[in-house]
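My structure is below; once you've seen it, I'll send some questions.
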Amino acid sequence: MASISRMWRQLKTKYSIYHVFVFLLTFFSYAFFHATRKTFSNIKTTISSEWTPQFCNATEPCLRPEKIWMEHHLFDSSSDAEPFLGWLDSTFLISYAVGLYISGILGDRFDMRKVLSLGMCLSAVVVFVFGCLTEWVHVYSQPFYITLFVLNGLLQSTGWPCVVAIMGNWFGKSTRGLVLGAWSACASVGNIIGALLVSQVLDYGYEYAFLVTSAVLFAGGIINFFGLVPSPKDVGLPEPDDGDDDDDSASSGDEDDTGVTARTPLVQSDTDSPVTFTQTRPQAISFFQAVCLPGVIPYSLSYACLKLVNYSFFFWLPFYLHSQYGWKETVADEISIYYDVGGIIGGMIGGYLSDRMKKRAPTVVTMLLLALPSLWGYSASPNNKTINAVLMAVAGFFIGGPANLISSAISADLGRQDLIKGNSEALSTVTGIVDGTGSVGASVGQILVPLLHKQLHLDWHWVFYFFMLMTLMTVVCILPMLVREVRSMKCFLNYQLRRQAAALVQDTHRTDRQHSLNS
């Protein structure tokens with residue numbers, strides 16, 4: 001409790017009103033992005049019924065003429081529509097992944113405020129066209145839907161690299177785990193906002209769900225254009241300190257047989273650099289140089305596996321609850337919120353613990369190992385809403401929490417390490433690489449989930465076994481970073497013990513000399 005109070009006092013004395021506004025603007029910017037994505041996830045059952053023929057029999061005759069009532073007949077049955085919904089998700093994620101690589105580079109070379117605002121407004125327009133305009137003018141076309149999802153993925157990719165880079169510019173490493181752990185709840189909060197909005201207006205028609213979320217996203221883009229400050233240098237404030245104060249006294253010459261010292265950088269910088277004020281933008285790092293930075297490849301591959309699991313819950317959880325338990329779609333939308341609640345709490349607690357340890361990998365790996373039994377437990381959940389919600393929140397804690405850490409705090413650490421600090425821009429590019437690679441894995445998952453469940457006729461339990469395998473692969477990808485960080489912690493601990501032993505010897509000699517002088 002004392003450490004939490006001390007950290008809270010540090011936050012109040014270290015940060016200004018600009019930090020508060022940057023935190024809130026970037027938080028809700030990405031929350032609104034996710035609210036529009038969650039809209040499509042939560043209306044899959046409704047929209048698939050709109051794209052298939054209406055049920056009719058002797059007691060419920062078919063509506064005539066069919067030219068009017070069956071004009072939007074895209075599929076013969078809902079089971080035929082389900083694979084296409086999965087392909088739409090994959091189309092979005094593939095274009096989103098490609099866009100992340102591009103948007104990361106753009107964010108390091110252009111004004112991130114303008115890139116983010118433009119992406120939000122144009123994405124809102126595309127969402128409006130897909131969800132509202134096509135329904136109002138009765139345009140139903142699979143190629144047109146795919147084209148819109150490609151455009152939406154490219155436009156929404158401007159969000160994450162820019163907001164993470166802006167947060168990394170304003171908040172230093174000493175509290176980055178806690179601050180970005182709490183801030184990374186923006187995606188989960190966006191999911192909650194989207195689910196609540198959809199559940200309130202879905203009875204009036206699914207097009208109104210898209211109308212509300214797209215309007216909110218467009219308004220957020222306008223606010224960002226006029227109010228967001230991308231860097232403290234833009235208002236004459238110093239950049240945050242990325243050093244580790246507790247490690248400053250460690251000697252660079254104290255190393256073990258592996259060559260790792262107590263000052264060896266892992267995914268963070270360990271030295272202080274003087275604050276400089278410049279009016280010119282630093283030179284941006286190349287894409288290949290960003291890929292070769294220490295830690296980028298392991299965390300990118302691990303995030304590809306983990307985001308597959310996380311986004312499978314995001315896209316398919318309401319559908320799973322409806323098909324597995326027969327719950328009403330609005331009820332399934334509301335209960336799916338508990339997965340995001342668990343992710344929010346997991347990100348905050350995981351970020352705080354990683355700040356205290358000054359290492360990220362041990363916290364992430366521990367949570368992922370605990371995610372394995374939580375996934376198994378959720379797959380065996382009974383048809384009880386309360387028990388299901390609790391097990392869902394636990395799974396969200398151990399899956400969504402590490403996902404939030406990797407995509408935010410760890411990405412910021414990778415983009416501001418000492419190797420490039422002070423002479424180049426890399427934060428947005430690195431964030432784009434990590435999240436882009438994760439989105440590639442997530443896109444594969446949106447093809448495999450309906451393939452396993454519908455095409456191969458496997459039970460939902462096999463889908464969860466697949467999630468457990470991907471979670472284990474995430475741990476395997478992070479193992480090199482875990483070993484490196486544990487060795488560094490061991491070296492630093494040995495250094496501290498040697499320093500304390502030396503101080504004890506000096507005190508003993510000083511006491512002996514004092515006794516000899518007195519005698």
Side-chain angles (χ1 to χ4, degrees), residues 6-30 104 106-117 158-184 186 220-246 248 268-285 351-352 355 358 408-431:
R6 184 170 60 254
M7 181 169 289
W8 176 247
R9 289 194 300 270
Q10 180 184 5
L11 291 175
K12 290 195 296 183
T13 58
K14 191 174 184 179
Y15 298 132
S16 65
I17 190 65
Y18 287 104
H19 293 82
V20 176
F21 277 108
V22 167
F23 185 99
L24 293 176
L25 286 176
T26 54
F27 183 94
F28 284 104
S29 295
Y30 199 71
L106 294 177
D108 283 332
R109 287 163 174 78
F110 299 98
D111 189 343
M112 287 184 285
R113 173 181 60 87
K114 297 179 180 178
V115 174
L116 177 61
S117 301
T158 60
W160 192 249
C162 290
V163 293
V164 172
I166 292 172
M167 286 292 293
N169 289 338
W170 281 91
F171 295 91
K173 179 171 175 53
S174 59
T175 55
R176 186 177 291 153
L178 176 62
V179 173
L180 265 71
W183 175 88
S184 63
C186 57
I222 299 299
I223 294 174
N224 276 337
F225 183 81
F226 292 102
L228 185 60
V229 182
S231 173
K233 295 184 294 185
D234 295 337
V235 290
L237 295 177
E239 289 187 313
D241 179 20
D242 281 325
D244 286 340
D245 296 336
D246 292 345
D248 286 343
Q268 77 274 10
S269 59
D270 292 316
T271 59
D272 295 329
S273 61
V275 176
T276 58
F277 296 89
T278 59
Q279 297 298 325
T280 60
R281 189 182 184 91
Q283 179 183 1
I285 194 173
Y352 172 74
D355 276 345
K358 301 188 181 299
S408 58
I410 291 177
S411 295
D413 292 345
L414 295 173
R416 293 185 67 89
Q417 49 189 304
D418 273 349
L419 187 62
I420 53 174
K421 188 177 177 182
N423 58 6
S424 58
E425 292 275 354
L427 186 48
S428 181
T429 302
V430 169
T431 304

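If you're wondering where the values come from, they're calculated on a predicted model, not measured in any experiment.
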What one should report as the nearest heavy-atom pair of Leu116 and Gly159 is CD1-CA, 3.8 Å
Write down the atom of Pro230, the atom of Asp111, and the distance for their closest heavy-atom approach.
-> CG-OD1, 3.6 Å
Taking the inter-plane angle between the rings of His19 and Phe171 on a 0 to 90° scale, is it parallel (under 30°), tilted (30 to 60°) or perpendicular (over 60°)?
-> perpendicular
Could you give the distance from CG (Leu180) to CG (Asp355), rounded to the nearest 0.5 Å?
-> 9.5 Å
Atom CE of Met167 and atom OG of Ser411: how far apart are they, to the nearest 0.5 Å?
-> 13.0 Å
When rounded to the nearest 0.5 Å, the distance separating CG of Asp234 from CG of Leu228 is 9.5 Å
Locate the shortest heavy-atom distance separating Ser184 from Ser408; write the atom from each residue and the value.
-> CB-OG, 3.5 Å
4.5 Å side-chain heavy-atom contact, Cys186 and Trp160 = yes
Spacing of Thr429 atom OG1 and Arg109 atom CZ [to the nearest 0.5 Å] | 5.5 Å
Heavy-atom nearest pair, Thr431 first then Pro161, reads CG2-CA, 3.8 Å
Please tabulate, one pair per line, all N/O donor-acceptor pairs under 3.5 Å involving side-chain atoms of residues 20-29, not counting sequence neighbours.
| residue | atom | partner | partner atom | Å |
| --- | --- | --- | --- | --- |
| Thr26 | OG1 | Val22 | O | 2.6 |
| Thr26 | OG1 | Phe23 | O | 3.2 |
| Thr26 | OG1 | Trp183 | NE1 | 2.9 |
| Ser29 | OG | Leu25 | O | 2.5 |
| Ser29 | OG | Asn224 | OD1 | 3.4 |
| Ser29 | OG | Asn224 | ND2 | 2.4 |

Looking only at heavy atoms, which two atoms of Trp170 and Val229 are closest? And how far apart?
-> NE1-O, 3.0 Å
Between Met112 and Cys162, what is the shortest heavy-atom contact and its length?
-> SD-O, 3.9 Å
